[in-house]
Amino acid sequence: MKKQNIIAAAVGGVLLSSAAVSMAATELVIATVNNGHMIEMQKLTNHFEEANPDITVKWVTLEEGVLRQRMTTDIATKGGQFDIMTIGMYEVPIWGEKGWLKELSFDESYDTEDLLPAIRDGLSVDGKLYAAPFYGESSMLMYRTDLVEKAGMTMPEQPTWDHVADVAAKIHDPDNGVYGICLRGKPGWGDNMALLSTMVNTFGGQWFDMDWKPQLETQPWHDAISFYVDLMDKYGPPGSSGNSFNEILALYNEGKCGMWLDATIAASFVSDPSQSKVADKVAFAQAPTKVTPKGANWLWAWTLAVPVTTTHSDEATRFIEWATSKDYIELVGEELGWGKVPTGTRASTYENPKFREAAVFADAEFKAISSADPTDSTLNESPYVGVQFASIPEFQSIGIAVGQQMSAALAGQTSVDKALKNSQRSADREMRRSGYY
Amino acid sequence: MSFAQKSKSATVIRSSVAWLIALVMFFPILFLTVTAFKTELQAIAVPSVWFFEPTLENFTEVQERSDYLHYAWNSVLTSVMSTLLGLLIAIPAAFSFAFTPTRRTKDILMWMLSTKMMPAVGALVPIYVLSQKTGLLDTRFALIIIFTMMNLPIMVWMLYSAFKDIPHEIFEAARMDGAGLWEEFRHVLLPLGMGGIASTGLLCLVLAWNEAFWVLNLTSSQAGTLASLVASYSSPEGLFWAKLSAVSVLAIAPIVVFGWFSQKQLVQGLTFGAVK
Amino acid sequence: MAFLSLNNVDKFYGDLHAIKSVNLAIEQGEFVVFVGPSGCGKSTLLRMIAGLETIDGGTLMLGGNDITHVIPSKRDLAMVFQSYALYPHMSVEDNMSFALRLAGEDKAVIAKKVAEAAEKLDLEPYLKRTPRALSGGQRQRVAIGRAIVRQPKVFLFDEPLSNLDAALRGQTRVEIARLHRELGATTVYVTHDQVEAMTLADRVVVLRAGHIEQVGTPLELYDAPVNKFVAQFIGMPQMNLIKTDGINGVPAGAVEAGVRTEHMQITDEGNARIKGTVELIESLGNETLIHVRPDGADSHEMPLIARQYSRSELNMGARVGLGWDDSQAHYFNTQGENLRITA
């Protein structure tokens with residue numbers, strides 16, 4: 001009799017506890033893109049789930065454009081499909097201001113102060129943090145040491161655009177399938193315009209003046225774009241107007257590019273022997289400058305944010321706290337190798353000797369990221385936040401329209417003057433319509 | 001040149017052209033399949049590498065990273081159910097259009113077809129909001145309904161033209177023989193229209209299987225089909241051609257195999273419908 | 001009361017009044033043939049009886065029941081279509097037994113009835129074949145077989161012989177006549193061929209533009225057509241029509257005289273009613289058709305034809321006179337009505 005009672009109690013207890021667990025188990029749905037760091041995060045999620053048995057995590061991986069559109073519709077229609085969203089630095093202040101995102105507050109141990117200030121500021125509105133950086137990136141120049149040496153040239157740590165043009169001329173050897181320099185040309189506010197904005201910045205230009213008037217027909221824009229079109233004409237690979245990150249990454253890893261100015265994340269790919277033929281011949285320099293060092297390298301971060309439409313904001317915050325913590329970086333380092341840790345978010349990462357040893361690009365990247373300042377990235381004062389973009393909702397469509405003009409100029413379908421004139425006109429129309437002036 | 005020689009060389013030319021066209025059309029699938037067995041580095045090589053040691057690494061990675069069976073099951077369920085549901089609606093509709101036409105029949109058929117002329121994205125917001133308000137977002141049920149709606153115009157048109165080939169008098173004969181509507185349907189329409197029904201069903205199965213737009217927009221973690229699995233392998237930053245190829249091969253494999261096996265039945269079904 | 005009766009039956013296609021208040025009574029066992037030029041509504045009328053076309057006005061009675069709005073499958077009629085309309089996916093046997101199987105008839109009974117019909121129609125060797133493997137004549141017989149196994153109240157035939165060649169047509173016509181004799185079934189038969197009408201019918205119904213011109217036995221129609229249309233429609237070659245002005249001894253009110261070819265007599269020019277020139281002589285062996293162009297007639301008018309059952313001595317271009325016996329002639333008034341019948 002007694003025995004039976006015990007068994008019954010035990011069975012009941014098990015049932016109860018399992019019921020309790022299944023009752024409390026919260027499913028977090030996270031929308032994300034298929035980038036390397038995100039894939040690693042998915043692989044390591046079981047560590048989080050073990051530590052938080054009341055939470056299970058479901059991943060929804062989408063193409064970047066679809067992701068943006070899905071997240072916007074989901075918030076706008078109060079769909080509540082996603083508990084955590086992977087969004088870019090451009091959207092965070094805009095969405096935060098609209099009240100679409102929950103303010104994030106973490107424990108002391110999270111050490112918010114450790115987040116790189118430039119990034120942290122870019123993700124905050126009125127001092128409130130609306131997203132946590134998962135990984136950040138700047139831009140830097142990747143070049144082939146073997147080619148530069150052979151040409152009898154050197155590459156300073158902080159080159160100028162004129163020097164880069166000289167080097168490109170020397171190492172350009174299309175007969176042997178090597179092009180002096182590869183740069184983005186595919187139209188898009190996050191594609192060719194990210195690069196071109198930084199070029200315009202260092203040539204002394206800006207998107208808008210303090211009255212929000214577009215500045216696309218000013219001398220610096222003219223100089224920068226002419227220089228870019230001329231440089232690519234002479235020393236770029238054919239079909240550059242269709243190239244963006246992935247296309248150039250393929251070219252570079254095949255050994256076809258002498259230099260490449262792009263996102264710092266590329267450093268980990270081009271120096272990875274499993275995917276790059278030139279892994280042992282790459283070196284890194286800061287993004288080239290012209291009249292000012294301001295805004296020469298961009299600043300971007302993929303971040304995790306909690307939409308206000310979720311019903312699991314506490315659990316979601318817990319996950320973000322885990323995924324963007326120092327411990328997570330440690331976990332990636334120990335589990336997958338220190339070369340694979342998400343960078344560009346915390347000062348502590350760059351102080352870690354294990355990381356510094358594993359990542360040849362560590363110093364260059366840290367320098368690039370810490371020198372970028374989204375609030376002060378132009379020679380003359382400008383009213384917007386953002387280095388290679390302006391964090392206003394209108395920028396997306398302006399960026400696309402201008403990007404198309406620039407791509408057409410690069411392809412030789414129109415002149416630089418005409419492209420800039422058209423760009424100025426459409427930007428002016430957009431800003432006027434939105435009531436900036 | 002004799003007539004026989006002439007016709008022989010014409011045959012040779014004709015079959016070479018046919019082979020050429022077939023090869024051109026098949027090439028993307030061949031390239032895709034070959035790429036699936038390359039490393040990422042080989043995949044981006046220009047000119048393309050054709051001789052290499054094949055690797056299963058991409059397939060292993062896909063297996064590790066995603067629950068293929070979950071997506072495949074969703075694909076099977078949504079495409080089969082939507083095809084069955086579609087046939088259930090389209091067969092009676094086409095039956096009535098073909099054999100009891102009214103003055104408005106042509107207009108209605110044109111109107112049905114015209115719905116296919118609007119880009120799907122034009123209906124995205126209302127459909128998204130509808131499915132969200134009804135709690136059907138990210139459910140297979142919603143996809144089945146959408147796929148059915150999406151394929152209905154094509155189904156009705158295909159069945160309509162298939163049924164129109166059946167002489168009207170055969171139905172009248174059945175009617176005179178004492179057949180009611182159901183018997184006409186069961187004993188005349190179904191056996192005589194089977195070829196058309198089979199090819200319509202197969203086509204719609206393939207269309208539903210390959211549908212991506214609605215899948216990408218209406219599903220997230222539960223109801224995604226293989227199309228969404230494929231899409232999730234594209235990346236804004238990083239090389240992914242080989243893995244994307246591998247997952248694409250996995251996505252199209254079931255439907256290709258199915259098409260291969262049903263090919264015989266399909267041809268048989270098509271010739272069976274030949275009357276007179 | 002008639003077995004099958006149409007009372008003021010109407011059919012409209014939009015604004016077109018296709019069948020205009022038709023009245024017809026058909027007795028049990030009767031073989032009735034609908035004839036008329038194409039577009040006269042004969043097939044429509046048949047399909048209305050079958051139930052394949054709706055009846056927009058009037059009533060249709062069968063064996064004392066109103067079947068005006070009864071669906072075809074419940075009317076218990078059988079129809080043989082011009083295109084045969086066999087079920088291509090069924091064997092001959094299954095084609096013939098389809099109606100019985102639908103009716104849930106006992107299997108043994110079905111087999112017996114099919115065997116009987118097949119024997120009657122010489123179809124026994126073909127029972128397992130599909131229609132595709134049969135000749136036109138065989139398909140025709142299967143279509144008839146499909147109708148007779150059911151033992152319906154009425155047989156409906158819609159131009160059943162028009163897809164057959166001339167020889168087979170004659171043969172099948174005799175066959176149908178024999179079957180009707182044997183089965184004694186009420187039959188409505190549509191044709192545009194007056195030979196079929198004359199040889200098969202107990203009564204012929206002549207239709208024009210949606211209404212009945214005349215109903216009668218074949219010989220009644222031949223001998224006493226009510227009007228010019230019927231007179232001209234029945235008889236091969238057509239009845240001669242002669243304008244009566246200038247001709248002596250015609251009844252009052254007559255504008256045209258109708259004389260069948262065999263009643264047209266060739267005479268000397270002398271004081272004949274009509275004088276003319278021989279234009280053509282068709283010698284068919286058993287009969288001779290002499291085409292005469294009356295004096296003063298336009299070249300596009302039909303010549304007058306005299307039929308003789310003896311060989312003719314005349315030559316083309318000969319001058320002849322034409323005459324007829326008034327007791328064998330029909331005189332039509334301005335409305336085309338036959339004065340002899342209406343008087």
Side-chain angles (χ1 to χ4, degrees), chain B residues 91-92 94-107 159 161-201 265-276, chain C residues 13-14 43 46-47 49-54 70-90 94-105 130-134 136 139 142-150 152-160 163:
Chain B
I91 292 175
F95 184 28
S96 95
F97 285 142
F99 296 114
T100 46
T102 69
R103 248 179 312 162
R104 297 255 170 273
T105 300
K106 282 275 169 202
D107 296 342
L159 291 171
S161 36
F163 291 171
K164 272 208 81 91
D165 288 345
I166 305 174
H168 195 237
E169 282 99 39
I170 295 179
F171 291 97
E172 294 184 335
R175 231 166 285 166
M176 296 307 296
D177 271 346
L181 195 60
W182 169 247
E183 282 94 5
E184 273 181 62
F185 187 80
R186 163 81 187 72
H187 295 291
V188 181
L189 185 76
L190 284 188
L192 289 182
M194 198 35 88
I197 293 170
S199 44
T200 305
Q265 272 80 0
L266 192 65
V267 173
Q268 215 171 32
L270 283 170
T271 47
F272 185 74
V275 184
K276 282 179 245 177
Chain C
Y13 290 113
S43 279
L46 185 80
R47 291 168 58 80
I49 296 171
L52 298 172
E53 298 283 348
T54 55
V70 173
I71 57 169
S73 56
K74 301 273 180 255
R75 289 190 181 194
D76 198 13
L77 312 173
M79 184 152 163
V80 175
F81 293 82
Q82 184 177 354
S83 63
Y84 319 138
L86 300 178
Y87 309 120
H89 55 298
M90 295 182 197
D94 289 346
N95 261 283
M96 297 212 287
S97 63
F98 184 62
L100 297 177
R101 284 184 284 133
L102 278 185
E105 192 75 73
T130 59
R132 224 180 321 175
L134 299 180
R139 290 182 200 184
V142 176
I144 295 171
R146 186 169 65 177
I148 63 177
V149 286
R150 289 182 44 201
K153 292 201 179 93
V154 179
F155 284 105
L156 306 173
F157 288 86
D158 189 5
E159 307 212 21
N163 281 357

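- In plain terms, the two heavy atoms of C/A143 and C/V80 that are nearest each other are O-CG2, 3.8 Å.
- Listed by chain and number, the residues in a salt bridge (charged side-chain N to carboxylate O under 4.0 Å, His left out) with C/E53 are C/K11, C/R47 (sequence neighbours excluded).
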Step by step, work out the side chain to side chain contact (heavy atoms under 4.5 Å, CB included) result for C/Y87 and B/D177. CA-CA 11 Å; C/Y87 309 120; B/D177 271 346; 2.7 Å; yes

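- The stretch residues 98-105 of chain C places C/F98, C/A99, C/L102 near chain B, each with some heavy atom under 4.5 Å from a heavy atom of that chain.
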Please report, to 0.1 Å, the donor-acceptor pairs under 3.5 Å made by any side chain of residues 94-102 of chain B, with sequence neighbours excluded.
unit_1, atom_1, unit_2, atom_2, d
B/S96, OG, B/A93, O, 3.3
B/T100, OG1, B/S96, O, 3.0
B/T102, OG1, B/R104, N, 3.1
B/T102, OG1, B/T105, OG1, 3.4

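- For the atom pair CG (C/L46) and CG (C/L77), the distance works out to 9.5 Å, reported to the nearest 0.5 Å.
- Applying the salt bridge (charged side-chain N to carboxylate O under 4.0 Å, His left out) criterion to B/R175, with sequence neighbours excluded, gives B/E184.
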